Amino acid sequence: MSESITIKSPREIERMRETCKITAAARSIGRQAVKDGMTTRQIDRAVHEFIVKSGAHPSCLGYEGFPAATCVSVNDEVIHGIPGKRIVRSGDIVSIDLCSDIHGFVGDCAGTYPVGEVSEEAKKLIEVTRQAFFEGIKFAKVGYRVHDIGEAVQDYVESHGFSVVRDYVGHGIGRGMHEAPEVPNYRPQRGYMPNPRLVKGMTICIEPMVCAGDYKVKVLRDGWTVVTADHSLAAHYENTILITDGEAEILTMAEDI
Ligand code: MF3
Ligand code: CO
């Protein structure tokens, strides 16, 4: 993670828009591939091929040794699931997280999607996680600080009886996939994490990771897959956004967001 926050110039913002448009479209491809009988590797392949066909590069592939273009996480898997032979079935929920880069800038987004008919709890979890992003972005404006976003996310999620992950957070983004600042989905203890002011030209990822049960998570022995410690369901929703003079602009916007 680079040390200081980068403010993007108008030219850099244009490049961010371009890569984020591809990244958002790739998430839609992934969403369409979430069907009964698909393997997580097939979902990854569909997204990977789309990114390459669009002239971009799948930034997750090889990132700190990650072996695929996307993270595909099923049910109690929160983030960083490795695509493989696992077949998704009706009743499962599938989180897809992906990054792509073109002309030196990275876009990042994620979403959780149901396979066929899922439980009422799963439906509510997906919807609350997605809405938590929209609660957070209300504070992604000049005049607020980064932690105002996380407070709004946490309050919304907890008011629905769910919990937010503490061990992983959102982040700045630009030439690097992970730049300063860290963007927590909760209220950090005072003085525990820098809480910078939001400034026009910052690009950040807001990404609520929400558990149906307790927020504690653990990493599986594959070194990547993060699961809820109590094996309750988890969901993830993420967009790359731009801080402007007014409301934040969602750069990874697509029709079916
Ligand atoms: N897209 C993820 C994020 O929000 C990062 C994926 S980790 C990787 O930060 F190793 F797969 F790249
Ligand atoms: Co991210």
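Just so it is clear, the structure is predicted and the values come from calculations on it, not from any experiment. Every number for a ligand or one of its atoms is a count from 1 in the order of the listing. All residue numbers refer to positions in the sequence shown, counting from 1.
We find that Glu120 and Lys123 are joined by a salt bridge, their nearest charged nitrogen and carboxylate oxygen being less than 4.0 Å apart. Between Arg86 and Glu77 there is a salt bridge, since a side-chain N of the basic residue sits under 4.0 Å from a carboxylate O of the acidic one. A salt bridge does not link Arg145 with Glu151: every distance from a Lys NZ or Arg NE/NH1/NH2 to an Asp or Glu carboxylate oxygen is 4.0 Å or more. Taking 4.0 Å as the cut-off between side-chain N and carboxylate O, Lys124 and Glu121 do not count as a salt-bridged pair. With salt bridges taken as basic N to acidic carboxylate O contacts below 4.0 Å, none links Glu247 and Lys138.
Short contacts between ligand 1 and Glu238, defined as distances under 4.0 Å to a heavy atom of the residue, involve ligand atoms 4 (O). Shown in contact with His171 at under 4.0 Å from a heavy atom are these atoms of ligand 1, numbered in order with element: 3 (C), 4 (O), 9 (O). Interface atoms of ligand 1 facing Cys99, defined by a heavy-atom separation under 4.0 Å, are 1 (N).
Here the protein heavy atom with the shortest distance to atom 1 (N) of ligand 1 is Asp97 OD1, 2.9 Å. Atom 3 (C) of ligand 1 has as its closest protein heavy atom Asp108 OD2, 3.4 Å. Annotation: atom 12 (F) of ligand 1 to nearest protein heavy atom, Cys60 SG, 3.3 Å. Protein heavy atom closest to atom 7 (S) of ligand 1, with residue, atom name and distance, is His80 NE2, 3.7 Å. Considering only non-hydrogen protein atoms, atom 5 (C) of ligand 1 sits nearest to Met177 SD, 3.9 Å. Closest to atom 9 (O) of ligand 1, if we only count protein heavy atoms, is His178 NE2, 2.5 Å.
Looking at Glu238 and the Co ion (ligand 2) together, the shortest N, O or S contact belongs to OE2. For Glu207, the N/O/S atom at the shortest distance from the Co ion (ligand 2) is named OE2. In terms of distance to the Co ion (ligand 2), the nearest N, O or S atom of Asp108 is named OD2.
Taking a 4.0 Å cut-off on heavy atoms, Trp224 registers as neighbouring ligand 1. For Cys205, the heavy-atom gap to ligand 1 stays at 4.0 angstrom or more.
Residue His171 counts as close to the Co ion (ligand 2), with an N, O or S atom under 2.8 Å. Among the atoms of Asp97, none of the N, O or S atoms falls under 2.8 Å from the Co ion (ligand 2).
Taking the centre of each ring, His178 and Tyr63 come in below the 6.0 Å mark.
Under a cut-off of 6.0 angstrom, the local environment of NZ in Lys8 is crowded, with over 12 non-hydrogen atoms contributed by other residues, nucleotides or ligands.
Under the 3.5 Å distance criterion, with hydrogens and angles disregarded, a donor-acceptor pair is assigned to the side chains of Asn239 and Thr252.
No side-chain heavy atom of Ser95 sits less than 4.5 Å from a side-chain heavy atom of Tyr237. In this structure the side chain of Val153 reaches within 4.5 angstrom of the side chain of Val164, judged on heavy atoms. Within the 4.5 Å cutoff, side-chain heavy atoms of Arg27 are placed close to those of Leu98.
Of all the heavy atoms of Cys71, the ones lying under 4.0 Å from any atom of ligand 1 belong exclusively to the side chain. Under 4.0 angstrom from ligand 1, there are no non-hydrogen atoms of Glu64. When heavy-atom distances to ligand 1 are checked against a 4.0 Å cut-off, Tyr63 comes that close through both its backbone and its side chain.
Polar contact check, Glu207 against ligand 1: a nitrogen or oxygen pair lies under 3.5 Å apart.
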Exercise. Decide yes or no on side-chain contact (heavy atoms from CB on, under 4.5 Å) for Val146 and Met193, but give the supporting numbers first.
Key: CA-CA 10 Å; Val146 168; Met193 210 186 262; over 6 Å; no
